[in-house]
Chemist: 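Have a look at this one before I ask anything.
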Amino acid sequence: MNWRHTVFLLLILSAAAGLSAGSAQAQARVGEAVVVQNEVLRIAGSASSRINVGDGLLRDEVVRTGLDSATRLVMADNTNLSLGPNASIKLDRTVFNDEHTYRDIAVRLTSGAFRFVTGDSAKTAYKITTPLATIGVRGTILDILSQRGQTIVVLQEGASTVCTLGFQCIQLTQPGDTAIITSTGNGKTTIQKSTNSPWTFAATCSAAAGLCTVTQFADAGPGNDPTGMLCGR
């Protein structure tokens with residue numbers, strides 16, 4: 001092999017290494033599945049694959065649970081997100097501030113029942129949306145039900161601002177405060193505040209052991225929920 005061939009080979013290897021590093025960075029894990037009950041899928045375009053306990057989550061993925069299925073996801077900043085049956089979310093955007101917090105994290109809750117427990121990122125970093133609402137958080141545990149024509153947001157701890165897509169907003173400040181956003185047709189919605197919620201995620205907690213437990217990202221993985229708690233925090 002002469003020196004020209006050697007230089008050419010080195011250039012090829014260098015380019016391949018760069019592409020590999022770029023791909024690894026683009027596919028960096030932003031979270032992990034810690035509880036999986038029955039059918040939980042990741043959707044990327046027209047492809048789908050099963051998610052198992054310990055599998056990483058990637059930005060821009062859709063996660064969907066099937067009938068009689070549930071999952072709990074722990075993000076890198078220790079946000080815990082529990083999904084009940086027939087639920088679908090998309091991790092729209094995740095921008096790391098450092099190794100353990102996000103500067104920007106956007107989660108779209110398309111349909112189903114959810115419990116959202118904020119992690120270590122600044123509260124202004126979180127952007128939660130449903131087809132009918134945008135939800136801001138301040139040190140919060142929220143139960144969210146997104147269904148056709150209606151979104152229900154129940155405050156369990158902390159505080160939250162819930163707005164329609166038309167920027168009608170209400171403040172949730174006390175545990176049990178509930179926002180009910182209802183589509184009235186023609187792109188219009190109403191928003192009401194109640195202290196007597198018609199629904200909470202608590203009834204879903206028994207769908208899988210550990211579904212409503214809160215764990216740290218560093219502890220995520222099989223065998224790291226020794227309590228088996230159903231609805232603890």
Chemist: Ignoring hydrogens and angles, tell me if any N or O in the side chain of Ser160 forms a donor-acceptor pair with the backbone of Val137 under 3.5 Å.
Modeler: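 No, because the side chain of Ser160 does not come within donor-acceptor range (under 3.5 Å) of the backbone of Val137.
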Chemist: Taking the side chain as every heavy atom from C-beta outward, state whether Arg115 and Ile141 have any atom pair closer than 4.5 Å.
Modeler: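 Contact flag for Arg115/Ile141 side chains = yes.
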Chemist: Taking C-beta and beyond as the side chain, do Arg108 and Asp92 meet within less than 4.5 Å on heavy atoms?
Modeler: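 Yes, at least one pair of side-chain atoms sits under 4.5 Å.
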Chemist: Quick one: are Ser88 and Val62 in side-chain contact, heavy atoms under 4.5 Å?
Modeler: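 Result yes, sub-4.5 Å side-chain heavy-atom pair found.
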Chemist: Is any side-chain heavy atom of Arg72 less than 4.5 Å from a side-chain heavy atom of Ser82?
Modeler: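 The answer is yes; the side chains approach within 4.5 Å.
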Chemist: On a heavy-atom basis, which atom in Ile51 and which in Val36 lie closest, and how many Å separate them?
Modeler: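 Where Ile51 meets Val36 most closely, the heavy atoms are O-CG1, 3.4 Å.
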Chemist: How close do Leu132 and Gly149 get, heavy atom to heavy atom, and via which atoms?
Modeler: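 So the minimum-distance heavy-atom pair works out to CD1-C, 3.5 Å.
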Chemist: Keeping the roles fixed (side chain from Thr65, backbone from Asn86), state whether a donor-acceptor pair exists under 3.5 Å.
Modeler: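 A pair under 3.5 Å: yes.
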Chemist: So, the side chain of Tyr126 versus the backbone of Arg138: is there a donor-acceptor pair under 3.5 Å, distance only?
Modeler: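 Here the side-chain-to-backbone pair does not exist.
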Chemist: When you measure from the side chain of Asp143 to the backbone N and O of Thr200, does any donor-acceptor pair fall under 3.5 Å?
Modeler: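 Answer holds: no.
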Chemist: Within a reach of under 6.0 Å around NZ of Lys193, are more than 12 heavy atoms found that belong to other residues, nucleotides or ligands?
Modeler: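 Atom NZ in Lys193 is packed in, count exceeds 12.
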Chemist: Could you list the residues that satisfy ring pair (Phe, Tyr, Trp, His ring centres under 6.0 Å) with Phe201, not counting sequence neighbours?
Modeler: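 Residues passing ring pair (Phe, Tyr, Trp, His ring centres under 6.0 Å) with Phe201: none at all.
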Chemist: Are side-chain heavy atoms of Thr79 and Phe116 found at a separation under 4.5 Å?
Modeler: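 The answer is yes, as the side chains (C-beta and beyond) meet within the 4.5 Å cut-off.
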Chemist: Are the side chains of Leu73 and Asn80 in touch, meaning some heavy atoms are under 4.5 Å apart?
Modeler: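 A side-chain contact under 4.5 Å is absent here.
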Chemist: Would you say Thr195 and Asp177 make side-chain contact, with heavy atoms under 4.5 Å?
Modeler: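 SC-SC contact between Thr195 and Asp177 confirmed.
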Chemist: Would you tell me whether Thr161 and Gln171 have side-chain atoms, one donor and one acceptor, within less than 3.5 Å of each other?
Modeler: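 Thr161 vs Gln171: donor-acceptor pair found between side chains.
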Chemist: Does any N or O in the side chain of Gln150 come within less than 3.5 Å of the main-chain N or O of Gln147, such that one atom is a donor and the other an acceptor?
Modeler: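 Looks like no, no N/O pair under 3.5 Å.
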Chemist: Nearest 0.5 Å please: distance from the OG1 atom of Thr151 over to the CG atom of Leu165.
Modeler: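 So the gap between those two atoms works out to 8.5 Å.
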Chemist: Do Thr178 and Leu172 touch side chain to side chain, with heavy atoms closer than 4.5 Å?
Modeler: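 No. Closest side-chain heavy atoms not under 4.5 Å.
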Chemist: Where do Asn78 and Asp120 land on the side-chain hydrogen bond (donor to acceptor under 3.5 Å, both in side chains) test, with the steps shown first?
Modeler: CA-CA 6 Å; Asn78 298 321; Asp120 300 330; 2.6 Å; yes
Chemist: Show the nearest heavy-atom pair for residues Leu57 and Arg42, with the distance to one decimal.
Modeler: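 Closest approach of Leu57 to Arg42: CA-NH1, 4.4 Å.
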Chemist: Would you say the side-chain atoms of Ser121 pair up with the backbone N or O of Ala125, donor to acceptor, closer than 3.5 Å?
Modeler: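 No: the side chain of Ser121 does not pair with the backbone of Ala125.
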Chemist: Going by the side-chain contact (heavy atoms from CB on, under 4.5 Å) test, name the single residue among Ile144, Val162, Ile105, Thr140 that passes it with Ile128.
Modeler: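 When side-chain contact (heavy atoms from CB on, under 4.5 Å) is applied between Ile128 and each of Ile144, Val162, Ile105, Thr140, only Ile144 qualifies.
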Chemist: For Asp104, is there an ion pair with Lys127 - N to carboxylate O distance below 4.0 angstrom?
Modeler: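 Looking at Asp104 together with Lys127, the answer is yes, because their closest N to O distance falls below 4.0 Å.
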Chemist: Any idea which heavy atoms bring Val35 and Gly210 closest together, and the distance?
Modeler: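 That closest heavy-atom pairing would be CG2-O, 3.7 Å.
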Chemist: Tell me the closest heavy-atom pair linking Gly84 and Thr204, and the distance in Å.
Modeler: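 That closest heavy-atom pairing would be CA-CG2, 3.7 Å.
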